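Report on the structure given below.
Quantities reported herein were computed from a predicted structural model and do not represent experimental measurements.
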Amino acid sequence: MLEPLRSGERRRALPAGVVIRPATAEDCHDIAPRLRSADAQELLAATGSPPDVSLPSTLRWHPSVVELEGRPEAIMGCARLDDIEGVPWFASTDVPVSPRWRVAFLRYSRQVVDDWQRTFPLLHNFTDARNTVHHRWLKRIGFTFLARHERFGALGLPFLEFVRIDHHHV
């Protein structure tokens with residue numbers, strides 16, 4: 001889940017009420033009907049399948065679930081493309097982006113992405129051009145947008161390509 005820290009590094013403690021653990025099929029079925037509308041639309045546009053089908057299919061990449069006060073509210077992971085490139089992905093309910101959790105979630109998600117980057121110097125994926133909450137989050141945790149693709153995914157909708165590169169390890 002989280003990589004060991006390098007000498008001198010410190011990991012921020014999780015706020016009270018937050019648990020990060022391996023995701024299960026039950027989590028996928030709990031989260032799918034409660035996804036943010038933009039996340040559900042993005043999953044459908046990318047895969048051609050509704051969230052109740054596409055989320056369980058992510059279990060092959062060993063994702064993590066974020067529990068907030070005992071309920072799974074987000075699922076995220078980084079699929080291995082090869083030894084250098086990982087494909088980060090994320091979907092959530094409205095709870096992690098609510099005023100109560102937004103700041104803590106942003107801080108911790110940056111730490112998770114930093115951990116992924118220890119394994120994969122290149123993190124790269126695409127996000128639905130309509131999902132502006134994801135765009136802001138990606139920018140805040142260090143991703144750069146490369147290009148807009150007018151026809152992408154199963155539905156051929158506009159998507160934005162994004163990347164984060166650790167130049168010290170490429």
Indicate the atoms forming the closest heavy-atom contact of Thr24 with Arg21, along with that distance. CG2-NH1, 4.4 Å
Can you tell whether the side chains of Glu73 and Arg34 come within less than 4.0 Å, N to carboxylate O? yes
Nearest heavy-atom pair of Pro51 and Leu35: which atoms, and what distance? CB-CD1, 3.6 Å
Is there a chain of hydrophobic side chains (I, L, V, M, F, W, Y, each step under 4.5 Å between heavy atoms) that links Val53 to Leu44? no
Which atoms form the tightest heavy-atom contact between Asp52 and His29, and what is the distance? O-CE1, 4.2 Å
Main-chain N/O of Arg164 paired with Gln117 side-chain donor or acceptor, under 3.5 Å: yes
Run Asp27 and Ile75 through side-chain contact (heavy atoms from CB on, under 4.5 Å) and show every step you take. CA-CA 8 Å; Asp27 295 325; Ile75 186 167; 5.6 Å; no
Donor-acceptor pair, side chain of Asn125 and main chain of Pro88, under 3.5 angstrom: yes
Answer yes or no: does atom CG of Asp82 have more than 12 heavy-atom neighbours from other residues, nucleotides or ligands under 6.0 Å? yes
So how far is it from Arg60 CZ to His62 NE2, rounded to the nearest 0.5 Å? 10.5 Å
Might you point out which heavy atoms bring Leu123 and Cys78 nearest each other, and give the distance in Å? CD2-SG, 3.6 Å
Value rounded to 0.5 Å, distance of OH in Tyr108 from CD1 in Ile141: 13.0 Å
Does the side chain of Thr58 pick up a donor-acceptor pair with the side chain of Trp89 at under 3.5 Å? no
Kindly compute the distance separating CZ (Arg102) from CH2 (Trp137), expressed to the nearest 0.5 Å. 15.0 Å
Would you give the length of the straight line joining atom OG1 of Thr119 to atom CG of Asp166, rounded to the nearest 0.5 angstrom? 11.0 Å
Could you check whether any side-chain heavy atom of Val18 comes within less than 4.5 Å of a side-chain heavy atom of Phe105, counting everything from C-beta outward? no
Phe145 and Phe143: same hydrophobic cluster, using ILVMFWY side-chain contacts below 4.5 Å? yes
Test item: Arg136 and Thr132 side chains (from C-beta on) under 4.5 Å apart, heavy atoms: yes
Please say yes or no: joined through hydrophobic side-chain contacts below 4.5 Å, possibly via intermediate residues, are Leu55 and Trp61 part of one cluster? yes
State, to 0.1 Å, how close His135 and Asp128 come at their nearest heavy-atom pair, and which atoms those are. NE2-O, 2.9 Å
State plainly whether one hydrophobic cluster holds both Ile20 and Trp116, where clusters connect Ile, Leu, Val, Met, Phe, Trp and Tyr through side-chain heavy atoms under 4.5 angstrom apart. yes
Name every donor-acceptor pair, under 3.5 Å, that has one atom in a side chain of residues 150-162 and the other anywhere in the protein, sequence neighbours excluded.
| from | atom 1 | to | atom 2 | distance (Å) |
| --- | --- | --- | --- | --- |
| Glu150 | OE2 | Arg148 | NE | 2.6 |
| Glu161 | OE1 | His149 | NE2 | 2.7 |
| Glu161 | OE2 | His124 | NE2 | 2.6 |

Could you tell me if the side chain of Val65 sits less than 4.5 Å from the side chain of Ile31, heavy atoms only? yes
For Val163 and Ile165, work out which heavy atoms get closest and say how close. CG2-CG1, 3.7 Å
Nearest 0.5 angstrom please: Leu106 CG to Gln111 CD, how far? 11.5 Å
Do Phe120 and Phe90 belong together in a cluster built from hydrophobic side chains that touch within less than 4.5 Å? yes
What's the separation between atom CG in Leu68 and atom OG in Ser92, rounded to the nearest 0.5 Å? 9.0 Å
If we only count heavy atoms from C-beta on, is the Val66 to Pro96 side-chain gap below 4.5 Å? no
Sorted by chain and residue number, the side chain to side chain donor-acceptor pair (under 3.5 Å) partners of Asp39 (sequence neighbours excluded) come out as Arg36, Asn131, His134
